[in-house]
Amino acid sequence: VDSSSSRRGVVHRPCSVMLLVNPHSGKGQALSLFTGHVQRMLNEAGVPHTLVITERQNHARELVREADLSQWGALVIMSGDGLLFEVVNGLMEREDWEEAIQTPLGILPGGSGNALAASIHHYSGAQPVSSEELLISCGFLLCKGLVSRMDLASVHLGSSPSNPTRLFSFLSLAWGFVADVDVESEKYRHVGAARFTMGTLVRLASLRVYKGRLAYLPVDEVDGEEDGQSPDSPRQNTAHLTFHNSHSLLVPLDQPVPSDWVVVPEEDFVLMLAMYQSHLAKDLYAAPDSTLDDGLIHLIYVRAGISRTALLRLFLAMEKGTHLANNSPHLVYTRVRALRLEPYSSKGVITVDGEVVEYGPVQAQVHGGIARLITR
Amino acid sequence: MGTTASQLRKDLLSEYQVVMHVFFRAHKRFSELLSKEDRNVPTPRVPMEKVLSLPELKSNPFRKRICHVFSTSDMKDGSLTFEDFLDLLSAFSDSATLEIKSHYAFRIFDFDDDGTLDGGDLEKLVNCLTGETDDTRLTTEEMRQLISNILEESDIDKDGTVNLSEFQHVISRSPDFVRSVQI
């Protein structure tokens with residue numbers, strides 16, 4: 001029995017699958033994609049399912065918070081990452097969050113903002129595909145019902161450092177130039193996948209420097225946990241440990257970072273991107289080395305001074321994931337377990353999983369393998 | 001006898017004062033750009049080269065297009081009257097709305113002034129950003145990839161060009177856009 005197969009669970013059948021759809025997702029296509037492809041696949045595979053159509057923002061979050069999870073074998077989101085964001089946070093807001101977050105989650109691309117679907121598809125080793133092929137591929141994975149562990153990051157925002165807002169994130173934390181480009185497209189109906197092009201060009205014209213203080217806890221090379229292949233038990237224990245002592249890596253925002261953290265000397269940035277999955281958007285392959293539960297935050301930041309051409313080239317290279325090989329002197333890539341960002345400018349944009357959040361000091365740490373995702 | 005009716009309310013008065021202050025400051029700056037002879041002409045025009053010397057525009061990659069868009073000159077030489085100058089300052093001020101800014105940004109990017117942004121306009125747009133020297137320009141392949149991305153993202157009716165409403169639609173998704181279009 002090899003360790004990789006022993007880490008896989010399965011969705012317990014014949015429990016029903018709750019399928020959540022945002023009817024406005026992806027140019028309004030999500031529902032027709034469901035009836036056109038997914039429904040048929042689920043029926044053929046004998047997967048009982050119930051379709052829930054969300055009516056407004058936070059509907060899914062509230063629903064999941066109150067649901068009787070014993071009825072559901074899995075929660076499947078058929079929309080952009082924004083809906084999964086609501087579901088993850090709804091589960092974590094429950095009293096029984098520890099069991100609740102074990103509920104297998106599935107994602108089917110609904111036509112927009114499908115960074116996680118793109119990441120999963122990538123991890124399965126397949127070639128990049130069109131949106132429809134991505135949907136069918138994810139549909140197959142869903143019907144197979146194999147479950148893997150997924151990293152989550154807890155993100156703390158602090159207008160009042162003694163009582164920070166806490167969110168759970170499965171994809172990314174972004175600041176500066178890139179926070180514009182990955183704004184969740186579901187907020188703006190009838191637009192497809194968020195791309196970085198026209199908006200990028202306009203912002204390139206007045207390329208801004210974002211001032212702030214960045215610090216992080218680098219991965220400890222010694223403990224050998226970074227490659228994700230280590231045996232189950234120590235990693236699971238670590239995941240629970242870091243969660244229960246959720247401040248074991250983070251100290252309150254109004255205190256200086258712990259002494260084993262690295263403080264970046266520069267204070268002028270163009271962008272900061274913290275990724276825990278490989279894709280920031282369907283065509284933004286931002287963290288090529290990331291895997292679903294590697295227990296790492298892949299931190300990428302670009303220092304001020306980069307030329308517009310170099311920045312443009314960086315985004316073009318990010319489509320193929322070759323941007324880290326470019327050896328741009330302004331780009332820094334490092335693997336961390338936690339980070340803190342304190343922006344100095346009063347105005348700006350920070351996004352978590354593509355959702356705009358309160359602008360101000362923010363810190364995050366990774367919780368390895370704490371959620372469960374239906375994938376290969 | 002009618003003295004109260006002729007007094008301006010205090011808040012309106014202070015607003016009026018702000019507007020007049022801005023107006024006079026703009027006029028002062030405009031006059032500084034005029035040559036001595038032009039100062040006595042009824043509706044003087046500042047030539048484009050002078051406008052381009054303004055600190056706010058000097059390093060703006062689209063400075064020439066900006067002059068052309070705001071210029072009302074029959075000779076299409078990018079020269080600005082004081083009214084043109086006010087329009088420019090107003091569109092780039094932080095009180096201008098998203099709609100105003102995106103409208104002007106569209107006109108600025110429409111290099112051939114034909115009312116839509118086609119591949120040629122987009123290419124010129126990108127070259128303005130990257131600079132025109134060989135080592136800063138994008139390669140042909142990079143340019144092709146970028147233009148294809150832009151059109152895929154923005155060209156909703158798939159006619160190969162981006163019209164004003166498609167442009168405004170895409171731009172409205174940028175939370176930072178309003179601040180980008182400021183001088």
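The sequence lines fix the lettering, A, B, ..., with proteins before strands; numbering per chain opens at 1.
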Checklist entry - Any side-chain heavy atom of A:Arg313 sitting closer than 4.5 Å to one from B:Leu138? => result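 The answer is yes; the side chains approach within 4.5 Å.
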Checklist entry - Of all the residues in residues 121-128 of chain B, which have a heavy atom that comes within less than 4.5 Å of a heavy atom in chain A? => result B:Leu122, B:Leu125, B:Val126
Checklist entry - In chain order, what residues pass the salt bridge (Lys or Arg N to Asp or Glu O under 4.0 Å) check against B:Glu37, with sequence neighbours excluded? => result none
Interatomic spacing from [atom1] in [X] to [atom2] in [Y] - rounded to 0.5 Å:
{"X": "A:Leu316", "Y": "B:Glu142", "atom1": "CG", "atom2": "CD", "result": "6.0 Å"}
{"X": "A:Leu312", "Y": "B:Thr136", "atom1": "CG", "atom2": "OG1", "result": "11.0 Å"}
{"X": "B:Thr130", "Y": "A:Arg308", "atom1": "OG1", "atom2": "CZ", "result": "9.5 Å"}

Checklist entry - Within a radius of less than 6.0 Å around CE of B:Met20, do more than 12 heavy atoms belonging to other residues, nucleotides or ligands occur? => result yes
Next on the checklist: Please identify, among B:Asn60, B:Leu129, B:Ile147, B:Leu117, the residue contributing the most non-hydrogen atom pairs under 4.5 Å to chain A.
Outcome noted: B:Leu129
Checklist entry - What pairs of residues pass the salt bridge (charged side-chain N to carboxylate O under 4.0 Å, His left out) test when at least one of them lies in residues 41-65 of chain B, not counting sequence neighbours? => result B:Arg29-B:Glu56, B:Arg45-B:Asp84, B:Arg65-B:Asp113
Checklist outcome for this item: salt bridge (charged side-chain N to carboxylate O under 4.0 Å, His left out) pairs touching residues 158-172 of chain B, sequence neighbours excluded, are none
